[in-house]
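Take a look at the structure set out below.
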Amino acid sequence: MVNTSEPAAEHLAATFICKEGIKAGWPICLGYFPIGLAFGVLAQKAGLNLVEIGLMSLLVFAGSSQFVAVSMLSAGASVLSIVLTTFVINLRHLLMSSSLGVYLRSMNKSWIALFAYGVTDESFAVNLTRFRDSNWDWRQALVVNQTANVAWIASTIVGAYSGQFIPAGAFGIDYALIAMFLCLLVFQLRGRLYAVTAIVAGVLAVFLALLIPGNSYIVLASVLAAFIGVVCRRKDILND
Amino acid sequence: MIRSEYLLLVLGMGLVTYIPRWVPIFFLSRRQLPRWFAEWLDFIPVAILSALVFPELVTGGSPRYLDLMRPQFIVALPTFIFALKTRSLGGTVVAGMLLFWLAGKLI
């Protein structure tokens, strides 16, 4: 009796998990769509084809670094410098994965391998909030990650395809990246110390960008500004 | 047809993106990061986003020069306020694009 009822119960649970995950993940998809479209269009304008764009979205799955990679590509940057910049831009996931890891102790190695692939700023924010506030399960969190992933890949490919029909600079598409960064920056301003760090990083980046050619100003300015943020926190300057 | 250099690029980007996502969950789910490192990493997102966006707003040309009258910079303020008020990623992207498009028509 127990044996016959188990698969049905499992099936029900799987459906429930998927529903809950998609319910939590749909705002991410909505947010990804215009950005994915914009990325597809820009990447297509930079000379990448559909397969190349889809492959980058599938293998990297990290919005800001993909935008930066495309702009560096069109500026003629080397593979090594793009990979290094990608590493530094995406190093922030280290902290996100560290915070999520606490809630994922019951997960086995292969599921961890799949879950890690889907850790983004957005899925991290959604999942961590759910883990903290509700009875959130790693399976639901995994559905959130993968739903967002599908939306990202699909929207970049649609953008890549429709990009052929959109003239350069149309509909302010060139501003999509800046607007996204501005909004993600707003999300990160969680107190006075973060605002100070942002201003220090911004001013330093502008100075370094004017002094040094290339893109190294991003890495230098953010590493230094984060260090200044830590010193301010340690010395109890400007505490919130 | 994919160029082998491009394949190398996306594989490299994928690997360096994947490792920081995977390492902490795999190795550190039972241990804590050193405190100074965790604190430093905590400031990294805000610092990187700011370092990415500021030069885009106020510098232009090659070699770069300072230009505080760029439409990118002028549009950034209402876009920033829109993001603060709505906290909507998709909405801010659309609003920013619209404002930039309008600025291009007016300036």
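Each chain gets a letter, A, B and so on, in the order the sequences are listed, and its residues count up from 1.
Here B:V75 is the residue among B:V75, B:L99, B:V94, B:T86 with the most heavy-atom pairs under 4.5 Å with chain A. When B:G91, B:A76, B:G104 are compared by the number of non-hydrogen pairs under 4.5 Å with chain A, B:A76 comes out ahead. Most heavy-atom pairs under 4.5 Å with chain A, from the set B:L8, B:L11, B:L52: that is B:L52. For chain A, the option among B:L98, B:L84, B:L102 with the highest count of heavy-atom pairs below 4.5 Å is B:L84.
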*Checking side-chain contact (heavy atoms from CB on, under 4.5 Å) for the pair B:E5/A:V79: CA distance, chi angles, key distance, verdict?*
CA-CA 8 Å; B:E5 200 195 7; A:V79 168; 3.7 Å; yes

*Please step through side-chain contact (heavy atoms from CB on, under 4.5 Å) for the pair A:I199 and B:S50, ending with a clear verdict.*
CA-CA 7 Å; A:I199 292 164; B:S50 197; over 6 Å; no

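Proximity to chain A is limited to the side chain of B:L57, based on heavy atoms less than 4.5 angstrom apart. Looking at B:A103, neither its backbone nor its side chain comes within 4.5 Å of chain A, counting heavy atoms on both sides. Only the side chain of A:L48 comes within less than 4.5 Å of a heavy atom in chain B; its backbone stays farther off. For B:F82, no part sits under 4.5 Å from any heavy atom of chain A, backbone or side chain. Interface remark: B:S88 contributes backbone atoms only to the contact with chain A (heavy atom separation under 4.5 Å). No part of A:L84 comes within reach of chain B, as not one of its non-hydrogen atoms sits under 4.5 angstrom from that chain.
A:R234 and B:R35 make their closest contact through NH2-C, 4.1 Å (heavy atoms, listed as atom of the first residue, atom of the second, distance). Residues B:V46 and A:A198 come closest through the heavy atom pair CG2-CB, 3.8 Å. Taking all atoms of both residues into account, the shortest heavy-atom contact from B:R64 to A:I212 is NH2-O, 2.9 Å. When every heavy atom of A:A209 is checked against every heavy atom of B:P55, the shortest pair comes out as CB-CB, 4.1 Å. The two residues A:T197 and B:A47 make their nearest non-hydrogen contact at CG2-CB, 4.1 Å.
Listed by chain and residue number, nothing satisfies the salt bridge (Lys or Arg N to Asp or Glu O under 4.0 Å) test with B:E56 (two or more places apart in sequence, or in another chain). Remark: A:F115 pairs with no residue by the ring pair (Phe, Tyr, Trp, His ring centres under 6.0 Å) rule, at least two apart or across chains.
You'll find the side chain of A:Y175 reaches within 4.5 Å of the side chain of B:T79, heavy atoms only. Using a 4.5 Å cut-off on side-chain heavy atoms (C-beta onward), B:P20 and A:N90 make no contact. Between A:V186 and B:R87 the shortest side-chain heavy-atom distance falls below 4.5 Å. Using a 4.5 Å cut-off on side-chain heavy atoms (C-beta onward), B:L7 and A:L55 make contact. Looking at B:L9 and A:L73, their side chains come closer than 4.5 Å, going by heavy atoms from C-beta outward.
A donor-acceptor pair under 3.5 Å links the side-chain atoms of B:Y18 to the main chain of A:A113, judged by distance alone. Side-chain atoms of B:Y6 come within 3.5 Å of backbone atoms of A:E52 as a donor-acceptor pair (strictly under, hydrogens ignored).
Within the model, atoms OG of A:S97 and CZ of B:F26 stand 13.5 Å from one another, a figure rounded to the nearest 0.5 Å. Atom CZ of A:F227 sits about 10.0 Å away from atom CH2 of B:W36, to the nearest 0.5 Å. For the atom pair CG of A:L94 and CD1 of B:I25, the computed distance is 10.5 Å after rounding to the nearest 0.5 Å. A distance of 10.0 Å separates CG of A:L182 from CG of B:L77, quoted to the nearest 0.5 Å. For the atom pair CD1 (B:I19) and CZ (A:F87), the distance works out to 7.5 Å, reported to the nearest 0.5 Å. To the nearest 0.5 angstrom, A:Y117 atom OH is 8.0 Å from B:R21 atom CZ.
Between A:Y194 and B:F43, the ring-plane angle classifies as tilted under the 30° and 60° cut-offs.
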